[in-house]
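Shown next, in structure tokens, is the structure this report addresses.
Chain A is the first sequence line, chain B the second, and so forth, proteins listed ahead of strands; every chain is numbered from 1. The structure displayed is predicted, hence computed values, not measured ones.
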Amino acid sequence: MMTASLLAAACIILLILVALIRDSHRHEPGSTKVARNVAHQNPAGSVPCPPLVRQIFSPEDFTFISKLQSQHLSQIYSRERRAVALFWVQQVSRDASRVMREHRLVSRRAEHLRPSVESLLILHYVDLQLTCGCLVFLIWTFGPHPFASLAGHAGRTSRFMALLLASIEAGLRLPTPENEAGF
Amino acid sequence: MEDVFKSATSRNASDDLRMRTLAAIPGELARLVYLASTRDYNSGRYHHEGLSARFGFEQAQKALEEAHRAAFADLSSLSLERLVGELETYLQASHEAAGDFIATWQELEPYRIAIPKETDAAQVQLFLSNVRIGLEILRCRQEENRTGLPASSPRPLPGL
């Protein structure tokens, strides 16, 4: 009970922080223009859901199997599709961790970091990992099909992070021998 | 200029492959299997004598690789119902006994080698899973047709 309440409170605080950071980012002078454009013109909600997510989580295949009226086939389908859905979720989570690790290494060498953009990236990363964690539990327990929209959110957040990272890293000025020598 | 020429030649090789060869092959699955068969298992390079003679080895290789990826993308994006239809079409075109075909495909999983290189892992998993389910559906249908009764003795699927 205590743990669930703490988890819910943490999620609410994170959502508030995301909203605040997005709001402050509009007013921060000198923010990377490209990163700002990505954050505002392509918020995670408007990034299209990857087609693969729709395929895995869509009820269309489930409906087809149900119409066959075979318990044996339904069991096989349920087991197979659950495994594929979990594979996808774990892949998304792993890929996000990997790109964040790489970004950390790149940004350590960068001369100009934009804290609000970096914070936005971190918050989306935490959002994504929390969503993936929830999805793993929910898919294991109930199967993938009731959670198409949550999976879609994970897919869009993953894509949005990729766009944001690309724009951040395009805008980062990395030290070169000429810079370091003062030329 | 050279890139434009190469791109145009590659497009011509792709068009030639599509119109002369792939158009004659019925079904998405059959086209995928054919394109996969042009790939060398050891090197991963594609070979097609006629296409290479007309457009050169590199352009032919590029056209085959692109066609292979496109065929896999098309097939793997099909719904389960349509994939079962493709399996049935392929089965009928093979002129093999249905029982033998299904048993062999379920045991050996030859469709694994039809997957192009560097394909998204989750997309691959979905494709393999759907083919396994599709084969089991066909097996149950075949058993029902043979006995007139619903299939009651499920075979254990390899890998599960």
Side-chain angles (χ1 to χ4, degrees), chain A residues 48-99 128 132 135-136 139 143-145 147-148 151-152 154-156 158-159 162, chain B residues 28 69-70 72-88 102 105-106 109 111-112 115-116 118-145 147-160:
Chain A
C49 180
L52 182 59
V53 178
R54 280 197 296 274
Q55 257 194 284
I56 293 171
F57 291 88
S58 158
E60 183 183 357
D61 291 343
F62 177 74
T63 305
F64 167 64
I65 290 289
S66 301
K67 284 180 185 169
L68 299 177
Q69 295 186 323
S70 163
Q71 189 182 4
H72 164 62
L73 290 172
S74 293
Q75 283 173 349
I76 287 176
Y77 172 81
S78 174
R79 192 169 57 223
E80 286 276 354
R81 192 51 63 92
R82 183 183 268 112
V84 173
L86 287 171
F87 184 94
W88 177 81
V89 172
Q90 286 159 355
Q91 181 182 271
V92 166
S93 173
R94 253 195 326 268
D95 287 349
S97 297
R98 180 181 51 79
V99 298
L128 179 60
C132 288
L135 274 170
V136 167
I139 291 168
H145 297 300
F147 309 107
R156 283 189 298 271
S158 174
R159 272 194 171 180
Chain B
E28 307 260 11
R69 288 190 186 285
F72 179 77
D74 289 344
L75 191 64
S76 63
S77 65
L78 291 180
S79 66
L80 187 55
E81 185 172 8
R82 288 190 59 193
L83 184 64
V84 170
E86 286 290 333
L87 280 166
E88 277 178 324
I102 294 167
W105 269 49
Q106 284 188 313
E109 299 188 332
Y111 44 89
R112 286 180 177 270
I115 298 167
E118 295 164 4
T119 306
D120 178 71
Q123 188 78 57
V124 170
Q125 290 303 312
L126 179 63
F127 172 73
L128 295 175
S129 169
N130 280 350
V131 173
R132 281 195 292 265
I133 297 167
L135 287 170
E136 187 60 15
I137 291 171
L138 291 183
R139 189 195 70 78
C140 290
R141 282 181 187 169
Q142 199 239 342
E143 196 166 319
E144 280 177 29
N145 290 340
T147 62
L149 295 169
S152 58
S153 53
R155 283 170 55 127
L157 291 182
L160 290 179

Is any side-chain heavy atom of B/Ser76 less than 4.5 Å from a side-chain heavy atom of B/Leu126? no
Rounded distance (nearest 0.5 Å) linking atom SG of B/Cys140 with atom NE2 of A/His72: 4.0 Å
Over all heavy atoms of both residues, which pair between B/Glu88 and B/Leu138 is shortest? Give the atoms and the distance, please. CG-CD2, 3.3 Å
Checking an interface table here. Which of residues 85-98 of chain A come within a heavy-atom distance under 4.5 Å of chain B? A/Phe87, A/Trp88, A/Gln91
For A/Arg159, I'd like to know if atom CZ has over 12 heavy atoms of other residues, nucleotides or ligands within 6.0 Å. yes
Pairing residues for B/Ser129 by the side-chain contact (heavy atoms from CB on, under 4.5 Å) criterion, not counting sequence neighbours: A/Glu80, A/Val84, B/Arg132, B/Ile133
Whatever's closer than 4.5 Å to a heavy atom in chain A on B/Leu128 counts as neither
Within a strict 4.5 Å, meaning less than it, do heavy atoms of the B/Trp105 and B/Leu87 side chains meet? yes
Partners of A/Phe147 by ring-ring contact (aromatic ring centres under 6.0 Å, His included), sequence neighbours excluded? none
Applying salt bridge (Lys or Arg N to Asp or Glu O under 4.0 Å) to B/Glu109 and B/Arg112, what does each step give before you reach the verdict? CA-CA 6 Å; B/Glu109 299 188 332; B/Arg112 286 180 177 270; 2.6 Å; yes
Nearest heavy-atom neighbours spanning B/Ile115 and B/Thr119: CG2-OG1, 4.0 Å
Pull out the residues in residues 61-69 of chain A that come under 4.5 Å of chain B, heavy atom to heavy atom, sorted by number. A/Asp61, A/Phe64, A/Ile65, A/Leu68
Presence of salt bridge, B/Arg139 and B/Glu136, under 4.0 angstrom: yes
